[in-house]
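Before any comments, here is the structure.
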Amino acid sequence: IAVTKDLPDIEGDKAYNISTLATKLGVSKIAKGATVCLLLNYIHAILTGVLSKAGTFNAIPMVGGHAVLAVMLLTRFKELEPEKLASIKKYYKHIWDLFYLE
């Protein structure tokens, strides 16, 4: 979440010459990096659920739930239009939604 926090403010940051990771790398690169990191975490959670000793985790939320969240993440990333503020805000809000769903 911390890496994506500057995405909705990127235009204001540029206008006032505020240097952030988002202004340096751009929306696309930050969103791609954040999506990859989160996706890797979801894959890890899924594999943990699959490979753990039976009964360690409830398979439905551990495997199924994380698979659904991974698909939601990828869907929002594919919908992202980096040049449109409304789309950037929607992507950023979804990152928070995923955080709270965990």
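Treat the numbers as computed from the prediction; the structure is a model and nothing was measured.
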Indicate, with yes or no, if [Y] and [X] share a hydrophobic cluster defined by side-chain heavy-atom contacts under 4.5 Å among Ile, Leu, Val, Met, Phe, Trp and Tyr.
X	Y	answer
Leu74	Ile46	yes
Leu38	Val63	yes
Tyr100	Val71	no
Ile1	Leu69	yes
Trp96	Leu85	no

Minimum side-chain heavy-atom gap [X]-[Y] below 4.5 Å:
X	Y	result
Leu73	Leu98	yes
Met72	Phe77	no
His66	Glu102	yes
Met62	Val50	no

Can you give me the closest heavy-atom contact between [X] and [Y], atom names plus distance?
X	Y	result
Ala22	Ile10	O-CD1, 3.2 Å
Pro82	Leu80	CD-O, 3.5 Å
Val3	Ile30	O-CG2, 3.5 Å
Leu39	Ala70	CD1-CB, 3.8 Å

Is the number of heavy atoms from other residues, nucleotides or ligands under 6.0 Å of Ile60 CD1 greater than 12?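 Counting neighbours around CD1 of Ile60, 12 or fewer heavy atoms of other residues, nucleotides or ligands fall under 6.0 Å, so no.
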Point-to-point distance, once rounded to the nearest 0.5 Å, from [atom1] of [X] to [atom2] of [Y]:
X	Y	atom1	atom2	value
Lys24	Lys29	NZ	NZ	13.5 Å
Ser28	Glu83	OG	CD	8.0 Å
Thr35	Ile95	OG1	CD1	5.5 Å

Is there a donor-acceptor pair under 3.5 Å between the side chain of [X] and the backbone N or O of [Y]?
X	Y	value
Thr23	Ser19	no
Asn41	Cys37	yes
Tyr92	Leu7	no
His94	Lys90	no
Ser52	Thr48	yes
Ser87	Lys84	no

Consider only side-chain N and O atoms of Thr4 and Tyr91, and report whether a donor and an acceptor are under 3.5 Å apart.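 Short answer, no.
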